[in-house]
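Please read all numbers here as calculations on a predicted model, not as lab measurements.
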Amino acid sequence: MMKIDFSGLDPSMLVKGNAEGLDDEILAAPSFKLPVTVDFDGFQKAAVQMVKPAKGTTTLAFIFKDGVMVAADSRASMGGYISSQSVKKIIEINPYMLGTMAGGAADCQFWHRNLGIKCRLHELANKRRISVAGASKLLANILYSYRGMGLSVGTMIAGWDEKGPGLYYVDSEGGRLKGTRFSVGSGSPYAYGVLDSGYRFDLSVEEAAELARRAIYHATFRDGASGGVASVYHVGPSGWKKLSGDDVGELHYSYYPVEPTTVEQEMADVPIA
Amino acid sequence: MTKQQANWSPYDNNGGTCVAIAGADYCVIAADTRMSTGYSILTRDYSKIIQLADKSVMASSGFQADVRALQKVLAARHLIYQHQHNKQMSCPAMAQLLSNTLYFKRFFPYYAFNVLGGLDSEGKGCVFTYDAVGSYERVGYSAQGSGATLITPFLDNQLKSPSPLLLPAKDAVTPLSEIEAIDLVKTCFASATERDIYTGDKVEMLVLNASGIRREFMELRKD
């Protein structure tokens with residue numbers, strides 16, 4: 001019987017982080033230098049102010065009969081300044097799993113990349129792909145071990161494994177929820193409104209994509225911290241595929257075209273004598 | 001008992017602005033040469049730019065002591081890479097190395113706002129922009145530092161490259177020629193110098209293209 005390697009799930013292995021040899025470096029948890037200070041929390045609060053992580057976002061994902069639909073905006077805001085309109089908030093962990101980004105951009109990018117490495121190592125060690133439940137648990141355990149240190153991650157892990165489509169919400173408090181419909185970010189209330197009212201399990205792929213696109217568009221319309229490009233991805237049995245990337249400014253005019261109004265006879269300029 | 005407050009901060013901000021623009025077959029990276037602390041100028045002649053590999057150049061504003069430490073770490077890592085792989089690091093590889101290096105100090109960050117520019121393996125210009133803890137993305141142009149909020153809207157207006165997230169994909173590099181891009185950079189710094197007290201003295205520009213790398217200087221207002 002094939003022995004399954006659970007070392008990736010062992011919580012004590014994560015925090016110890018022994019680095020003997022270069023290959024162990026990848027498996028072990030990264031070791032972080034900490035500041036020598038009496039007031040760690042105050043220092044972190046001040047450091048966070050300096051870094052000013054990009055917050056404000058709208059991401060959503062839902063399961064339907066043909067898989068998982070994942071969508072996000074692309075705006076990064078630092079306080080009132082828009083630092084970027086082209087942030088990739090849907091992270092491709094591997095060809096059949098996606099992660100969404102909300103919260104600290106560097107935290108999400110780094111830990112999703114780390115998760116991708118761990119998933120690949122699991123495949124090599126166990127000769128089969130990791131499940132969505134397993135991958136989300138790996139991430140949740142890592143984030144739990146850094147709980148209270150100021151990481152800011154609100155992510156959804158979406159994928160297709162042997163059990164079919166899978167969707168988990170994972171956050172930096174260590175929370176992990178299995179579900180069929182999630183939206184994360186400052187624009188999520190608006191996205192939930194559109195998503196919940198239009199959702200049916202038996203949507204087709206095009207209908208589901210349009211629902212996701214509309215939900216992101218409406219969130220960007222009402223939430224100042226969301227905007228840019230609405231990206232929509234579909235995760236099916238053979239992996240994920242990017243379906244569309246549309247500028248939300250242009251989406252507005254395609255949903256609500258400007259009616260040309262009849263112009264009354266304009267007053268002609270008085271010729272200068 | 002009242003909470004203990006630190007009397008000393010390990011950080012300082014030395015000001016300055018960095019800009020990079022990617023073209024079809026070139027990349028311009030520029031930074032001013034003023035180093036300040038508070039309202040004083042420490043020197044008018046400080047380079048914020050370093051060439052990390054034959055096709056990667058990094059410019060950083062923020063706390064120059066952290067910038068110098070970061071430059072040393074990256075240069076050492078690049079040397080190790082050359083010994084192990086017998087070749088230079090590509091610009092996208094250097095970009096990820098910089099991101100990881102920054103994130104490994106996530107709980108005691110480098111106060112450095114970086115812009116990495118160079119040529120990718122196809123010879124096209126590439127610019128990567130970072131925050132202080134390592135989140136990065138490839139863009140067509142970027143500005144960082146004290147004058148960034150003045151320069152970025154101007155570059156948005158002149159260069160507005162289509163977002164790399166659009167589908168069908170559109171190229172992010174600017175259609176401008178190398179001479180036009182250099183002129184644009186000079187204009188950016190001249191304008192930022194007018195309205196930002198931390199930017200001025202001189203602008204150092206590095207231009208990378210297929211025939212190599214060249215350096216130009218332009219004088220700015222010294223007030």
### Task
Enter the distance from S86(A):OG to R138(B):CZ here, rounded to the nearest 0.5 Å.
12.5 Å
### Task
Fit a plane to each ring of Y103(B) and F110(A), take the angle between them on a 0 to 90° scale, and name the class: parallel (under 30°), tilted (30 to 60°) or perpendicular (over 60°).
parallel
### No-hydrogen, no-angle side-chain donor-acceptor test under 3.5 Å, Q85(A) and S163(B)
no
### Heavy-atom contact with chain A under 4.5 Å, split by part of Y130(B)
neither
### Task
Look at atom OH of Y81(B) and say whether more than 12 heavy atoms of other residues, nucleotides or ligands are closer to it than 6.0 Å.
yes
### Query
Where is the tightest heavy-atom contact between D107(A) and R106(B), given as atom of each residue plus distance?
OD1-NE, 2.6 Å
### Message
Using a 6.0 Å cut-off, check whether atom OH of Y253(A) has over 12 heavy atoms from anything other than its own residue.
### Response
no
### Task
Name, in order of residue number, those residues of residues 86-100 of chain B that have a heavy atom at a distance of less than 4.5 Å from a heavy atom in chain A; otherwise write 'none'.
Q96(B), S99(B), N100(B)
### Query
Do Q44(A) and F107(B) have side chains that get closer than 4.5 Å, going by heavy atoms?
yes
### Residue pair L165(B) / S74(A): nearest heavy atoms and the distance that separates them
CD1-CB, 3.3 Å
### Query
Within a radius of less than 6.0 Å around CZ of R77(B), do more than 12 heavy atoms belonging to other residues, nucleotides or ligands occur?
no
### Message
Determine whether the aromatic ring centres of residues F108(B) and F32(A) are separated by less than 6.0 angstrom.
### Response
no
### Message
Are more than 12 heavy atoms, taken from residues, nucleotides or ligands other than K105(B), located less than 6.0 Å from that residue's NZ atom?
### Response
yes
### Task
List the atom of V229(A), the atom of L166(B), and the distance in Å for their closest heavy-atom pair.
CG2-CD2, 4.0 Å
### Task
Heavy-atom distances under 4.5 Å only: say whether P10(B) touches chain A with side chain, backbone, both or neither.
side chain
#### Entry: Side chain to side chain, S9(B) and F43(A), heavy atoms closer than 4.5 Å
no
### Task
Report the option among V87(A), D247(A), L34(A), I82(A) that has the most heavy-atom pairs separated by less than 4.5 Å from atoms of chain B.
V87(A)
### Backbone of P164(B) reached by a side-chain donor or acceptor of K88(A) within 3.5 Å
no
